[in-house]
Amino acid sequence: MLHNPEDAVSAFPRALLAHAPTPLVPLGNTMRGSGHDHLFVKRDDLTGLAIGGNKARQLEYYFGQALSEGADTVLITGAVQSNFVRQCAAAARKLGLACEIQLENRVQGMPAGQEKTGNMLLDRLLGVPIHMFPVGEDEKAADYNLEKIADDVRSRGGKPYVIHLGADHPPLGALGYVDCAREIIEQTDALGVKLGAVIVASGSAASHAGVVTGLRHYGSDATVHGICVRRTADLQHPRVLKRSRDLAGMLGSPDLVQDADVITTDAYLGEGYGKPTPGTMAAIARGAKEETLLLDPVYSGKAFDGFLSLLNEGALPSDKACVFIHTGGTPGLFAYAHLWEPARAS
Ligand SMILES: *Cc1c(COP(=O)(O)O)cnc(C)c1O
């Protein structure tokens, strides 16, 4: 059922970085007694690049472009505990390029010491220069400051490639999730079960837009549930739709994704980015105890909360494959260790 023999995706330069295809694993204990026989987790937490995650697939196309332009230094910006930044630093190391990272103070009220652990520990270990940026939640300002760092690289005779945060640049990273959609179709086809639903975290929207567009591109009509982890659905829906249309245009079929294809829910977002809810914490606990999945409080824990809730509400088809994409975030667990501090004996 895989359409499109002449695949438009292969026209884009790609640097092979991710360990893929990632496994599609049955959620055996979650299925027991649920009335579902085809619940799966797509293990995109196992993509490699210094502990895995969804950014490995996205970086394949950014680094493909950077290499094709002859860049020697890649610049990226993100939250202090950004998985994207950490995987970017690792990708640069693998490919022998220089990398400079900018870390934004996006989450208020984090305990002291988060710069010593989690993703930032790995950034240090990877040995890339770190620029701290005190502003949070201002994409334009973060991108603008990154351009200034790019100017510095140029003035030293380097050739920078900037991975922008804002949604006004082509969604190259989303191509990685077109690849993921193809893998999911191939893997469920091989098991002889039709794909009914995919559940994925929706943040920058690269993964969400990539999966929706990829499924339609390869002829699947499966429902994609985007679980908001960054902003409310009224803001996220137009963003995902725009990114999907941009991406579909890059693939040569601008009308591929309709408004109704984009489903976003912010019922599991809580107070916002980086702020786990009791539901997030319960989902992380269930993932660990029932399926030994290590989910994080910022992204995949919220998405898994959404998945379990949709399952509970009967919103997922029981006769088709339903796939939760584990987008990674494992290092974030350690930066948020305070959430699991044992209650002190008094
Ligand atoms: C970035 C990230 C997401 C969100 O993915 P987008 O493509 O930005 O929407 C989800 N999970 C993890 C672990 C991430 O690092």
Side-chain angles (χ1 to χ4, degrees), residues 24-27 29-31 34-36 38-45 53-54 83 177 180-181 184 195-212 214-215 222-241 243-244 260-291 293-318 320-330 332-333 336 339:
L24 187 76
V25 181
L27 290 166
N29 292 326
T30 309
M31 276 191 282
S34 74
H36 286 256
H38 310 295
L39 300 180
F40 297 94
V41 53
K42 177 72 171 158
R43 295 293 304 268
D44 270 21
D45 58 322
N54 63 340
N83 298 296
Y177 273 81
C180 181
I184 292 172
L195 180 63
V198 176
I199 297 85
V200 65
S202 196
S204 76
S207 307
H208 185 179
V211 171
V212 175
L215 291 177
T223 305
V224 180
H225 296 273
I227 312 295
C228 296
V229 295
R230 182 74 198 275
R231 45 183 93 66
T232 49
D234 57 325
L235 298 173
Q236 189 66 4
H237 185 275
R239 187 181 175 111
V240 179
L241 188 60
R243 298 312 259 167
S244 301
D261 292 316
V262 174
I263 300 170
T264 46
T265 170
D266 55 17
Y268 314 98
L269 175 64
E271 283 173 38
Y273 179 74
K275 304 216 174 89
T277 70
T280 317
M281 300 303 287
I284 293 173
R286 242 185 103 176
K289 290 175 193 162
E290 290 185 9
E291 304 290 351
L293 295 176
L294 302 180
L295 302 151
D296 81 288
V298 181
Y299 301 103
S300 52
K302 284 186 177 174
F304 198 59
D305 184 22
F307 167 73
L308 292 175
S309 303
L310 291 169
L311 184 64
N312 215 17
E313 290 158 13
L316 301 178
S318 59
K320 294 180 185 149
C322 301
V323 176
F324 168 72
I325 301 182
H326 189 337
T327 49
T330 313
L333 266 181
Y336 280 78
L339 297 174

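Side-chain N/O atoms of Thr264 and Gln236 include no donor and acceptor closer than 3.5 Å.
Put simply, the side chain of Glu291 does not reach to within 4.5 Å of the side chain of Val41, judged on heavy atoms. You'll find the side chain of Asn312 stays beyond 4.5 Å of the side chain of Leu308, heavy atoms only. No side-chain heavy atom of Ile184 sits under 4.5 Å from any side-chain heavy atom of Phe40. Residues Pro297 and Leu339 meet the side-chain proximity criterion, which asks for heavy atoms closer than 4.5 Å. Side chains of Ser300 and Asp45 form no contact here, defined as non-hydrogen atoms less than 4.5 Å apart. Looking at Asp44 and His326, their side chains never come closer than 4.5 Å, going by heavy atoms from C-beta outward. Taking 4.5 Å as the limit, every side-chain heavy atom of Asp305 sits out of range of all side-chain heavy atoms of Leu295. At least one side-chain heavy atom of Ile199 sits less than 4.5 Å from a side-chain heavy atom of Leu316.
A salt bridge (charged side-chain N to carboxylate O under 4.0 Å, His left out) check over residues 273-286, counting only residues at least two apart or in different chains, returns the pairs Arg286-Glu290.
When all heavy atoms are compared, the tightest approach of Ser34 to Leu39 is OG-CD1, 4.3 Å. The minimum heavy-atom distance between Ser318 and Gly35, with the atom names listed, is CB-O, 3.6 Å. A pairwise comparison of heavy atoms in Gly329 and Asp296 identifies O-CB, 3.2 Å as the closest pair. Nearest approach of Val198 to Val211, heavy atoms of both residues: CG1-CG1, 4.0 Å. Of all the heavy atoms in Ala206 and Tyr177, the pair that sits closest is O-CB, 4.2 Å. For Val200 against Thr327, the heavy-atom pair with the smallest separation is CG2-CG2, 4.2 Å.
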inquiry  = Using side-chain contact (heavy atoms from CB on, under 4.5 Å), reason through Leu310 and Thr265 one step at a time and then give a plain yes or no.
reply    = CA-CA 11 Å; Leu310 291 169; Thr265 170; 5.7 Å; no
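Side-chain N or O atoms of Lys302 include none that pairs as donor or acceptor with a backbone N or O of Tyr268 at under 3.5 Å. Panel note: side chain Ser202, backbone Ala205; no donor-acceptor pair is recorded below 3.5 Å. A donor-acceptor pair under 3.5 Å is formed between the side chain of Arg231 and the backbone N or O of Gly203.
The ring-ring contact (aromatic ring centres under 6.0 Å, His included) search around Phe324 returns Phe304, Phe307, not counting sequence neighbours.
In this structure, CZ in Arg43 is found 13.5 Å from CD1 in Ile325, a value given to the nearest 0.5 Å. Put simply, NE2 on His225 and SG on Cys322 are 8.0 Å apart, with the number rounded to the nearest 0.5 Å. The NE2 atom of His38 sits 11.5 Å away from atom CG of Leu195, with the distance rounded to the nearest 0.5 Å.
Checking each of Ile227, Thr280, Thr277, Thr232 against Leu269 for a side-chain contact (heavy atoms from CB on, under 4.5 Å) leaves exactly one that passes, namely Thr232.
Within 6.0 Å of CD in Glu271 there are 12 or fewer heavy atoms belonging to other residues, nucleotides or ligands.
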